[in-house]
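Notes follow once the structure below has been shown.
Just so it is clear: chains get the letters A, B, ... in the order the sequence lines come, proteins before strands, and each one is counted from 1.
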2 protein chains.
Amino acid sequence: MLTVSEENHLKAIFKISERNGTPVSTNKIAHELNTAAASVTDMLKRLSAKKLIKYEKYQGAHLTEQGNQLATRLVRKHRLWETFLVEKLEFSWDEVHQIAEQLEHIQSETLTERLDAFLDYPRFDPHGDPIPDRNGKFTLRKQHVLDSLEQGDTGIIIGVSNHDTDFLKLLDELQVKLGVTISILSKFDYDDSLKVRIGESAEHIIPKNISKNIYVKKA
Amino acid sequence: MLTVSEENHLKAIFKISERNGTPVSTNKIAHELNTAAASVTDMLKRLSAKKLIKYEKYQGAHLTEQGNQLATRLVRKHRLWETFLVEKLEFSWDEVHQIAEQLEHIQSETLTERLDAFLDYPRFDPHGDPIPDRNGKFTLRKQHVLDSLEQGDTGIIIGVSNHDTDFLKLLDELQVKLGVTISILSKFDYDDSLKVRIGESAEHIIPKNISKNIYVKKA
DNA sequence: ATATTTTTTTAGACTTATCTAAATTATACT
DNA sequence: AGTATAATTTAGATAAGTCTAAAAAAATAT
């Protein structure tokens with residue numbers, strides 16, 4: 001049985017290695033968790049002793065099979081709870097992260113499975129992230145980062161890669177929601193900002209620092 | 001903001017003082033929480049420093065107004081989560097206590113209120129215990145302990161005062177559920193055990209150690 | 001290829017939450 | 001009332017999780 005802190009470190013390693021397959025550095029984990037690098041080093045030793053990660057001094061860490069499984073379960077719980085909060089308790093997508101951070105540590109296999117059933121086995125959470133099934137399988141789909149679309153392209157918004165409250169509130173302002181259609185009216189070479197139409201009505205300029213955090217399915 | 005352990009101690013004090021209004025002893029808390037008395041002493045000092053309890057060495061402790069409020073909120077959360085687990089996730093009443101023990105520590109006012117609304121503001125949990133409302137008010141009702149009924153009496157089962165899995169499983173066996181009618185066919189002077197009819201069909205002998213944990217509303 | 005900078009680890013300290021054993025205080029019983 | 005017993009507290013220890021400052025290793029830049 002893991003402590004909350006151990007679980008958080010596992011999840012951080014999982015998250016960081018999603019992007020780049022190389023070993024995860026102490027500093028990156030510390031940054032992800034807002035802790036001192038020294039604390040991370042301690043924890044890496046502990047997780048290594050429990051065989052949840054492979055860790056060599058100064059060489060970073062990566063998850064073992066077992067560690068990966070545990071981290072995946074945490075992600076599953078986190079995303080199921082987020083879905084619950086939005087779908088059943090009417091939270092908005094910018095409010096749920098912090099609460100799900102707590103709920104994901106509740107220990108009960110049965111609870112997770114019942115929750116999954118109650119939600120009707122959702123495959124994506126309110127931010128468009130895939131929810132691993134009970135066997136740890138993620139549903140894959142072809143997605144493009146909005147900033148890679150060109151003038152004339154049209155897509156459907158299917159996810160975001162930044163879950164910060166402030167970022168999501170801004171998206172609300174722009175009418176950006178999952179499932180909405182977005183068309184690129186023009187793209188400005190100056191800074192790669194986009195002029196887009198979202199849904200039926202709204203037209204906006206979206207700077208790259210926003211568009212790079214939005215996933216679309218090309219229409 | 002309290003730690004989980006602080007919250008558990010508050011809740012224990014609350015629970016013990018429900019029955020008997022006198023100050024709560026170190027030993028009773030230790031027994032309730034399965035810890036050493038020395039650990040409780042430490043915690044009492046801490047809670048006292050935070051003004052959540054009144055504590056005098058060797059004289060036991062009782063909740064302050066503020067402590068009572070926090071403890072009541074914990075009870076509220078615990079019972080709401082139990083209700084959620086039974087009503088929405090189809091857990092049985094003997095499975096929910098341990099999970100609710102974890103869920104009650106989730107910190108989010110909004111979550112509690114949304115959950116309450118989602119459940120349609122239940123006033124009693126799956127064990128028949130009253131759920132305090134957002135202001136800490138409990139719904140009172142006249143209840144009798146089953147062992148106090150006499151031959152010929154009839155009542156409706158409205159609660160239990162023991163939440164142990166094994167106890168509740170035994171009640172299931174006896175067809176004891178909330179809302180069911182129970183009639184006292186006879187009462188044996190030897191040990192105060194009762195011969196009862198439960199619901200339509202079942203007839204059983206119920207020993208006092210069981211009947212003393214069942215609440216009924218007299219019909 | 002050496003020096004500078006950055007990253008990581010070690011060392012040592014602190015807090016919380018526990019424990020056991022010993023000392024102290026309160027209670028209960030002749 | 002005085003003593004035996006029970007309850008409580010104190011003292012001292014341990015483990016987890018965190019920190020800062022210093023030391024060591026690795027990466028980078030001239």
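- Looking at B:Asn213 and B:Ser161, their side chains do bring a donor and an acceptor atom within 3.5 Å of each other.
- In terms of phosphate contacts, A:Lys57 brings a side-chain nitrogen or oxygen within less than 4.0 Å of OP1 or OP2 of C:dT10.
- Side-chain contact of B:Asp94 with B:Ser92: a donor-acceptor pair under 3.5 Å is present, judged by distance alone.
- Between B:Lys50 atom NZ and C:dT16 atom C1' the separation is 10 Å, expressed in whole Å.
- Taking both residues in full, the closest heavy atoms of B:Val96 and B:Trp93 are given as CG2-O, 3.7 Å, listed atom of the first, atom of the second, then distance.
- In this structure, the CE atom of B:Met43 is 16 Å from the C1' atom of D:dT9, given to the nearest Å.
- Taking only side-chain nitrogens and oxygens, B:Asn27 never comes nearer than 4.0 Å to OP1 or OP2 of D:dA6.
- With A:Gln102 contributing its side chain and B:Gln107 its backbone, the two residues share a donor-acceptor pair below 3.5 Å.
- In this structure, B:Ser5 reaches the sugar-phosphate backbone alone: every heavy-atom distance under 4.0 Å involves primed, P, OP1 or OP2 atoms, never a base.
- Among the protein residues, B:Thr26 comes within range of the sugar-phosphate backbone only, with heavy atoms under 4.0 Å from sugar or phosphate atoms but none that close to a base.
- Computed from coordinates, the B:Glu7 CD to C:dT16 P distance equals 16 Å when rounded to whole Å.
- The side chain of A:Ser25 approaches C:dT8 more closely than any other nucleotide in the set C:dT8, C:dT16, D:dT8.
- Applying the 4.0 Å criterion to OP1 and OP2 of C:dT10, one finds that A:Lys45 has a side-chain N or O inside that range.
- Between the side chains of A:Ser193 and A:Asp191, at least one donor N or O lies within less than 3.5 Å of an accepting N or O.
- For the pairing with A:His78, the ring pair (Phe, Tyr, Trp, His ring centres under 6.0 Å) check across A:His97, A:His105, A:His163 returns one residue only, A:His97.
- Residues B:Glu104 and B:Asn8 are in side-chain contact: their nearest non-hydrogen atoms beyond the backbone lie under 4.5 Å apart.
- Among the atoms of the strands shown, none is found under 4.0 Å from any heavy atom of A:Lys28.
- One can place CD of A:Glu6 at 14 Å from C1' of D:dT18, the figure rounded to the nearest angstrom.
- Residues A:His9 and B:Leu44 each lie close to DNA chain D; by heavy-atom proximity, the contact nearer the 5' end of the strand is made by B:Leu44.
- Side-chain nitrogen and oxygen atoms of A:Arg46 include at least one within less than 4.0 Å of the OP1 or OP2 phosphate oxygen of D:dG17.
- For A:Thr3, a side-chain nitrogen or oxygen approaches OP1 or OP2 of D:dG17 to under 4.0 Å.
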Given protein heavy atoms under 4.0 Å, the one-letter contact record of nucleotides 19-25 of chain C, with B base, S sugar-phosphate only and - none, is simply BB---BS
